[in-house]
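Data block below; observations after.
We number each residue from 1, following the sequence as shown.
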Amino acid sequence: ELCKEFHIEYTPIFGKRYSDLFRTFVRYRRYDAILMFQDEPRLLFFCALKTLAPFINLKVVSLDFISLRPNSRLARLKAHLKKWLLRKADLFLLHVKESAGYREHLGICADRLRYIPYIVKQWPTVNRVTDFGHNYILACGRSRRDYRTFMQAVKELPYPVKILAPRSDS
């Protein structure tokens with residue numbers, strides 16, 4: 001409804017071969033933008049292609065880009081390479097407000113970062129949690145969670161913890 005004036009085409013980018021990604025890049029070069037969702041390897045490859053073909057005006061937008069803090073010499077070396085490639089990405093849409101790490105370690109300036117509040121995917125499940133009039137800590141989700149560390153961090157707090165997560169076998 002909001003996008004009547006725009007043509008939006010959803011096309012998954014299949015294949016891990018660089019030749020497949022190159023063909024995708026060439027096929028969409030006349031589009032205004034391509035949106036990459038949580039896909040660092042493909043994002044970096046598209047940034048490399050934009051470096052090699054600066055005459056192609058395709059905007060590369062990343063949604064929910066996740067990159068770990070470099071904690072070793074090799075990771076810092078990789079971060080420098082990422083920093084060099086990511087200068088060709090036009091926009092980063094993040095679900096986190098804290099973006100200092102993106103600026104510090106990856107050189108992504110604030111004008112290319114936008115915060116988008118995260119939409120709860122299982123809102124009916126969250127609504128079924130009752131607090132019985134008490135305070136508690138609610139944690140949700142399964143991916144990229146370290147609940148063992150989380151529980152260590154909150155064990156001294158005077159509040160019960162409720163964790164909503166899909167079963168690991170689902």
Side-chain angles (χ1 to χ4, degrees), residues 1-3 8 10-16 21 33-48 59-170:
E1 189 69 32
L2 294 174
C3 297
I8 297 175
Y10 172 74
T11 306
I13 301 173
F14 294 111
K16 291 188 177 187
L21 297 176
I34 187 164
L35 178 69
M36 311 292 284
F37 176 67
Q38 289 184 344
D39 196 341
E40 183 178 289
R42 290 182 179 127
L43 173 64
L44 293 173
F45 187 73
F46 272 62
C47 288
K59 302 277 189 231
V60 175
V61 179
S62 173
L63 173 61
D64 204 16
F65 177 70
I66 300 170
S67 187
L68 301 176
R69 179 185 309 269
N71 57 5
S72 69
R73 195 171 280 156
L74 179 60
R76 284 188 291 279
L77 181 63
K78 287 181 179 179
H80 283 295
L81 178 60
K82 286 181 192 179
K83 185 177 191 175
W84 184 74
L85 289 170
L86 290 175
R87 63 191 170 86
K88 290 296 184 177
D90 297 281
L91 184 63
F92 294 85
L93 305 172
L94 304 174
H95 293 305
V96 294
K97 286 184 179 180
E98 178 54 48
S99 59
Y102 291 93
R103 293 191 310 270
E104 180 183 340
H105 300 291
L106 298 172
I108 302 170
C109 53
D111 65 330
R112 293 190 301 145
L113 295 168
R114 299 290 185 283
Y115 167 69
I116 298 176
Y118 186 72
I119 298 169
V120 176
K121 296 175 190 169
Q122 299 295 327
W123 192 248
T125 304
V126 174
N127 277 335
R128 285 196 302 266
V129 175
T130 57
D131 65 4
F132 306 107
H134 299 105
N135 292 321
Y136 62 93
I137 298 169
L138 176 64
C140 303
R142 183 176 71 190
S143 61
R144 294 193 168 268
R145 304 300 194 276
D146 180 0
Y147 285 124
R148 180 173 288 127
T149 303
F150 172 73
M151 293 305 292
Q152 281 294 115
V154 299
K155 72 180 180 183
E156 301 297 323
L157 296 176
Y159 306 108
V161 174
K162 297 181 184 220
I163 296 175
L164 296 179
R167 293 188 342 224
S168 60
D169 61 342
S170 62

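In terms of the side-chain contact (heavy atoms from CB on, under 4.5 Å) criterion, residue partners of Thr149 (sequence neighbours excluded) are, by chain and number, Asp146. Every residue two or more places apart in sequence or in another chain was checked for a side-chain hydrogen bond (donor to acceptor under 3.5 Å, both in side chains) with Glu104, and none qualifies. For Val96, the side-chain contact (heavy atoms from CB on, under 4.5 Å) test picks out Leu94, Tyr102, with sequence neighbours left out. With sequence neighbours excluded, the residues satisfying side-chain hydrogen bond (donor to acceptor under 3.5 Å, both in side chains) with Arg69 are His105. Looking at residues two or more places apart in sequence or on another chain, you find a side-chain contact (heavy atoms from CB on, under 4.5 Å) between Phe150 and Ile137, Ala139, Tyr147, Val154, Val161. Remark: Arg103 pairs with Ser99, Ala100, Ala110, Leu113 by the side-chain contact (heavy atoms from CB on, under 4.5 Å) rule, at least two apart or across chains.
No side-chain heavy atom of Ile116 sits under 4.5 Å from any side-chain heavy atom of Asp64.
With rounding to the nearest 0.5 Å, the separation of NZ in Lys78 from CG in Leu44 is 11.0 Å. Between Ser62 atom OG and Leu91 atom CG the span is 8.5 Å, to the nearest 0.5 Å. Separating the CZ atom in Phe65 from the CG atom in Asp39 is a distance of 10.0 Å, to the nearest 0.5 Å.
Between Arg112 and Leu86, the closest heavy-atom pair is NH1-O, 2.8 Å. The minimum heavy-atom distance between Val60 and Phe46, with the atom names listed, is CG2-CB, 4.4 Å. The two residues Leu43 and Met36 have their closest heavy-atom pair at N-CE, 3.7 Å.
Pairs engaging residues 81-90 under the side-chain hydrogen bond (donor to acceptor under 3.5 Å, both in side chains) rule: Glu40-Lys82, Lys50-Asp90, Ser67-Lys82 [sequence neighbours left out].
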